Amino acid sequence: QTRQAAMGTDEGSFVPSATYHLTGDGDDLDRFDPDTVAGKLPQPERRVARVLNGVIGDAWAKIEERHPDVVVSLSGAQQKGRELETAAVATAVARPSSNVTAARWGGDGPAPVLVVGTAAGQVLLYEPVATTGYVQDAESQATLVPFEALDAEDAAENEEDEETEPAGPAPIGAVSAVSQREPNAPCRVVVAAADDSRVAVVEVYPSDCEEGPRLQLLTTIEAQSTASAVVLSRDGRWLAVASAENITLHRLPESQQQEEPAALGQISEEAAQEEFDASVAEIAKVAFVLPASGAVPTLHWVFATPMEATSLLVVKPDSHVVAKYGLRADAEDGGAPPLYAAWQMAANVSASCLLQDSDGTTSILALGLASGTVLLWDLQIDMCREVLKRHEKAVSALAVHRHKYLIAGAADGRVHIYDLAAGPNLSPQLIAVRSDLTAPVQDLACPRDAALAVARDGKGILALYDLARSALLGRLALGAGDR
């Protein structure tokens, strides 16, 4: 960290101040730039610091010239690439028996999980394993096939007595985000079949749960057509299923915790199980319906409190309109939820992400437009709060690290990094413009517990960034077409 700062900033980024102080769990670190801090030292320490920084900087520049970093691919092949601060290396590689169709990381808590869907119809559970080596094989901790083959009798009924052979397990299509969870408690994920209308709600029990790790099928519901997206709220209590015909919203029961009400002497174990079974049966019942047309929309659940969904945002990539719907408990099931607000943008919305702090007091929707503009929309007052620096090309991806950093990627491969906490009253500052990717940025993601961001371009290159230093940590070549 010190030697890198001694060299000044690398091409494509700049350091706006001498000190970075990050607030939040696991982020309480002070980072200093020796070039600027040296001027505040007394003599003769100031002169000594400047001489040493210069010597270290020159030496490191020579080392990088003689030993340029490389881009590391999963196949082990090494390609000469741009000068990097660190080469990104895969520490573990999962090799399912069939092609991966979808994968989602989440769950938080002491044991975050990776849920993978495959073309063979399997849902696989992976948990991180500490390693000091480079590439190792990661084994799945649990496997579930949520969509069983239809038997001949059912197939005949569905096809009006025409002869049909039993279908195999349906390949997995869409996979939702993994819900949040408490320690020693399960989380939840939703998967959709790729070729038919079935949607499965799956309980995920990581290794810190009793009888974990395992996957348990909670229930299966039938959508009106093949689901193009399944969006689970972070508390696992609301599910949105988007298809070509409509968007259906479903209420889900709370996960069964380790301490059941029956164990606390409130109700009998049999009554608790009957109550839970009844609530599971209600999942198939549609709570609300929204019409759908055109491209698959992006859906965001908004919470008034940390674990209570109160509204749904619908962002259509082929439209200038963003709609906000309410989820009132007294609304009639099966109808359309009340429309709280609709906002007309100056251009098509090409990317979006939700910024919400832990207590639910601040909810900001970041919108990236095809014109290159990034807007910050305050959901408490339903008004635009900030218009951020414009990209030269359309904004193609957005991500946020807690309520501290906002990252915006564009079709020209550039990545903008904003410090959201730099100014009062949501006055974000642009702290870096990175130009490490040559193809359009297609995805951005930030882990919850580290100030890092991962960007993926259309050529299958991943770029890993240290947000606190606005620095590139390395790149990883996955190959074109990989997700």
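This structure is a prediction, so every number in the text was calculated from the model and none was measured.
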### Message
Lys393: which residues meet the salt bridge (Lys or Arg N to Asp or Glu O under 4.0 Å) condition with it, sequence neighbours left out?
### Response
none
## Note on the structure
Contacts of His300 meeting ring pair (Phe, Tyr, Trp, His ring centres under 6.0 Å) (sequence neighbours excluded), chain-then-number -> none
### Query
Between Arg434 and Tyr465, is there a donor-acceptor pair closer than 3.5 Å when you use the side chain of the first and the backbone of the second?
no
### Query
Are any side-chain N or O atoms of Asp466 and backbone N or O atoms of Ala468, one a donor and one an acceptor, separated by less than 3.5 Å?
yes
### Task
Please examine the side chains of Leu437 and Ile461, heavy atoms only from C-beta on, and report whether any two atoms are closer than 4.5 Å.
yes
### Message
Distance check, rounded to the nearest 0.5 Å: Cys353 atom SG versus Leu365 atom CG?
### Response
7.5 Å
### Query
Any donor and acceptor pair, going by atom type alone, linking the side chain of Arg188 with main-chain N or O of Ser179 inside 3.5 Å?
no
### Message
Closer than 3.5 angstrom, by distance alone: can the side chain of Ser176 be matched with the main-chain N or O of Val230 as a donor-acceptor pair?
### Response
no
### Task
Output yes when a side-chain donor or acceptor of Ser197 lies under 3.5 Å from a complementary backbone atom of Glu222, and no otherwise.
no
### Task
Under the side chain to side chain donor-acceptor pair (under 3.5 Å) rule, collect the residues that match up with Ser98, sequence neighbours excluded.
Thr118
### Task
Test side-chain hydrogen bond (donor to acceptor under 3.5 Å, both in side chains) on Ser207 and Glu127 and set out the steps.
CA-CA 8 Å; Ser207 57; Glu127 293 184 275; 3.1 Å; yes
### Message
Test of understanding: with salt bridge (Lys or Arg N to Asp or Glu O under 4.0 Å), list the residues that count as partners of Glu392, not counting sequence neighbours.
### Response
Arg414
### Message
Just by distance, no angles: are the side chains of Gln442 and Arg456 close enough, under 3.5 Å, to form a donor-acceptor pair?
### Response
yes
### Query
What's the verdict on side-chain contact (heavy atoms from CB on, under 4.5 Å) for Asp195 and Phe147, showing C-alpha distance, side-chain angles and the deciding distance?
CA-CA 11 Å; Asp195 301 325; Phe147 308 117; over 6 Å; no
### Task
Test Glu245 against Ser225 for side-chain hydrogen bond (donor to acceptor under 3.5 Å, both in side chains), laying out the working first.
CA-CA 7 Å; Glu245 285 77 18; Ser225 62; 2.3 Å; yes
### Task
For the pair Arg237 (side chain) and Leu252 (backbone), establish whether a donor and an acceptor sit closer than 3.5 Å, ignoring hydrogens and angles.
yes
### Task
With sequence neighbours left out, write down each residue that passes salt bridge (Lys or Arg N to Asp or Glu O under 4.0 Å) with Asp412, or none if nothing qualifies.
none
### Query
With sequence neighbours excluded, what pairs up with Thr248 under the side chain to side chain donor-acceptor pair (under 3.5 Å) test?
His250
### Query
When you check the gap from the basic side-chain N to the acidic O, do Asp457 and Lys459 get nearer than 4.0 Å?
no
### Query
Would a distance-only check, ignoring hydrogens and angles, find a side-chain to backbone donor-acceptor pair under 3.5 Å from Lys324 to Val302?
no
### Task
Please report the C-alpha distance between Leu406 and Leu376 in whole Å, then the side-chain angles of each, then the deciding distance to 0.1 Å, and finally whether the side-chain contact (heavy atoms from CB on, under 4.5 Å) criterion is met.
CA-CA 10 Å; Leu406 175 68; Leu376 298 186; 3.9 Å; yes
